[in-house]
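Heads up, the thing below is written out as structure tokens.
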Amino acid sequence: MKPQEHGALPSDLASNFLGPGLSWTGPLIMPIIRFLSKTFTIAGFEVRKILHDPTELIMRAVQPLLWLLVFGQVFTHSRVIPTPGLCYLDFMTPGILAQSVLFISIFYGIAIIWERDLGIIHKFLASPTPRPALVLGKALAAGVRSLAQAVIIYLLAFILGVKINWTPLALLGVVIIVILGAAFFSTFSLIIACLVKTRERFMGIGQILTMPLFFASNAIYPISMMPRWLRAIAKINPLTYEVDALRILMLAGKMPASPSRLGADFAILLTATASLILIGGKIYARAAA
Amino acid sequence: MIILETKKLTRRFGPMIAVDGLNICVKAGEVFGLLGPNGAGKSTAIKMLTTLLSPTSGTATVAGFDLIRKSSEVRRLIGYVPQVLSADGSLTGYENLLIFAKLYDLPRSEQKSRVDEALSFMGLSDAANKLVRTYSGGMIRRLEIAQSLLHRPRLLFLDEPTVGLDPLARTAVWKHIEKLRVTYGTTIFLTTHYLEEADALCNRVAVMHLGRMVALGSPAKLKASIGSDGATLNDVFAHYTGQALESGGGGYRETSRTRRTAKRLG
């Protein structure tokens, strides 16, 4: 270690790396590459944390298990919820996946408040990492947690005889939608955490939000069953679009596969998530103040 | 050479003035201490200087870069160890360092060697692959300093580096800070409310009281300035602020916040 190495800034590194002839790409491409690499760094280390202690993931499998086994079985047999062309268990399985994603992600803010009460956030914010990369990294990590849930739910659904679409393209679609849904709700949670700042207030707000988000969606009953006012709420609830996309992708055969509706679901989720990431990037620094 | 200069740096929280017109100048290579009780405004000052909090008014430059307009350049040049626990307990010591090696854009080929070097510099090589939640307080502190060294900052901010450590661990941290200055020539800016710490480490000390700087000079000069033989920094503090410096007290955020409020109110 020599003191004169101090001044080496990454822009020098970038031009060395690309060679002088390619340095024109610097202003355009390097920031994007650096942004993505930092995002994946943040997400990667979050995943390492899960690997160090996977108990949480296993515990979390209990809730969807109860929904599918108890709620699902009862309502499948009683046939009170009309789900044209589908048996009720098939209908609700994508809804339960979306619910698990929601429950994992909506309390992600607790981890942010924890990291804020310690000084972890301060250290990240004092580093030359773009704020949106910090936020997106955390969001992707919530996506990875949610994928672990998805694996468990697929396994349960398979055992219970849900007719699953196993084509690779459909599975890939589910992966993307799960990550997007997790990114949306975890960033939503992060923003609330940055605003309320204490665990007690956050838990209160989290409890208030979770159930309405879940029940004002098409997760366990179709929108057509809802009274008009609830329909209006369901229409602006991102969870509805997540469930809709999952239902199209996850189930084999019966649902009318509609590429344009799937495209619309995807576009809405992507836009909503991107907007929240940008807002989160703006607001994240408040956590350290 | 001047590495840090603040001009009338001020931060208000509503009606409270946490830092009031701070003018300081830190020379490259020195250990500069900000001394004061909980609530004097030290942490607020350090948060502004590390770009975490924007000043209400006033300016500051780090190595010639404006703190506000050139914050990303400033962030590359500084290292920061917050007062509160900042290592992640659910990662290993090695991982805690590797993530910062990546975030500070160290070349991929050097990341591992720099992490190993920083760990051995801080005497943590043996514990590298243990989860940090199994570390002792002193080890965590040394790990946090190691984290902030990876990119070889020109200016290192240490906010209360030994708060809550037992005397043995405290001496070990002091030794490492001194070694750091000697080996890499890093300028160190630290805050403390321990008089022995300012005495042991700092070339110059600024005494802060209720957001204002009330005295500045080398520990020896400050002691001499009050004119009584065998004066301690405690006497200096009492002389300039009209009250004795409370010792002890934890770094617990809430405590320090309530104390800050209490100090303002009474």
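Atoms considered below: every heavy atom in the structure, side chains included; atoms not considered: hydrogens, waters and symmetry mates. First the proteins, then the strands, lettered A, B, ... as listed; each starts at 1.
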**Request:** Count the heavy atoms belonging to other residues, nucleotides or ligands that lie under 6.0 Å from CZ of B:R133, then report whether that count exceeds 12.
**Result:** yes
Checklist line | Flag side-chain contact, heavy atom, 4.5 Å: A:K38 against B:D105 | finding: yes
Nearest heavy-atom contact between A:G119 and B:P82 is O-CG, 3.8 Å
With chain A, the option among B:L91, B:V74, B:L98, B:V81 that has the most non-hydrogen atom pairs under 4.5 Å is B:L91
Check whether any side-chain heavy atom of B:K47 lies under 4.5 Å from a side-chain heavy atom of A:H122, and answer yes or no. yes
Turns out that what part of B:A87 lies under 4.5 Å from chain A's heavy atoms comes down to backbone
Okay, B:F157 and chain A: the region with an atom under 4.5 Å from a heavy atom over there is neither
**Prompt:** Heavy-atom count around A:R131 CZ within 6.0 Å, excluding the residue itself: above 12?
**Reply:** yes
dist A:K123:NZ -> B:Y80:OH (nearest 0.5 Å) comes out at 9.5 Å
(Q) Side chains of B:S90 and A:H52, heavy atoms from C-beta outward: is any pair under 4.5 Å? (A) no
Interatomic distance, CZ@B:R75 vs OG@A:S127, rounded to 0.5 Å, equals 8.0 Å
| said: For B:K175, I'd like to know if atom NZ has over 12 heavy atoms of other residues, nucleotides or ligands within 6.0 Å. | reply: no
Trace of the side-chain contact (heavy atoms from CB on, under 4.5 Å) decision for A:T129 with B:Y104: CA-CA 8 Å; A:T129 314; B:Y104 277 94; over 6 Å; no
Exercise for the section: Taking the side chain as every heavy atom from C-beta outward, state whether A:F45 and B:D88 have any pair of such atoms under 4.5 Å apart. Expected result: no
Interatomic distance, CZ@A:R48 vs CD1@B:I99, rounded to 0.5 Å, equals 9.0 Å
Discussion item. With a 6.0 Å cut-off (strictly less than), is the heavy-atom count around NZ of B:K70, excluding the residue itself, greater than 12?
Written reply: no
*Do other residues, nucleotides or ligands put more than 12 heavy atoms under 6.0 Å from the CE atom of A:M59?*
no
Cut-off 4.5 Å, heavy atoms of chain A, and the answer for B:T92 is both
Among A:L51, A:T41, A:I42, A:D53, the residue with the most heavy-atom pairs under 4.5 Å to chain B is A:T41
Interatomic distance, CG@B:N96 vs CD1@A:I120, rounded to 0.5 Å, equals 7.5 Å
Does atom CZ of B:F189 have more than 12 heavy-atom neighbours, drawn from other residues, nucleotides or ligands, at distances under 6.0 Å?
-> yes
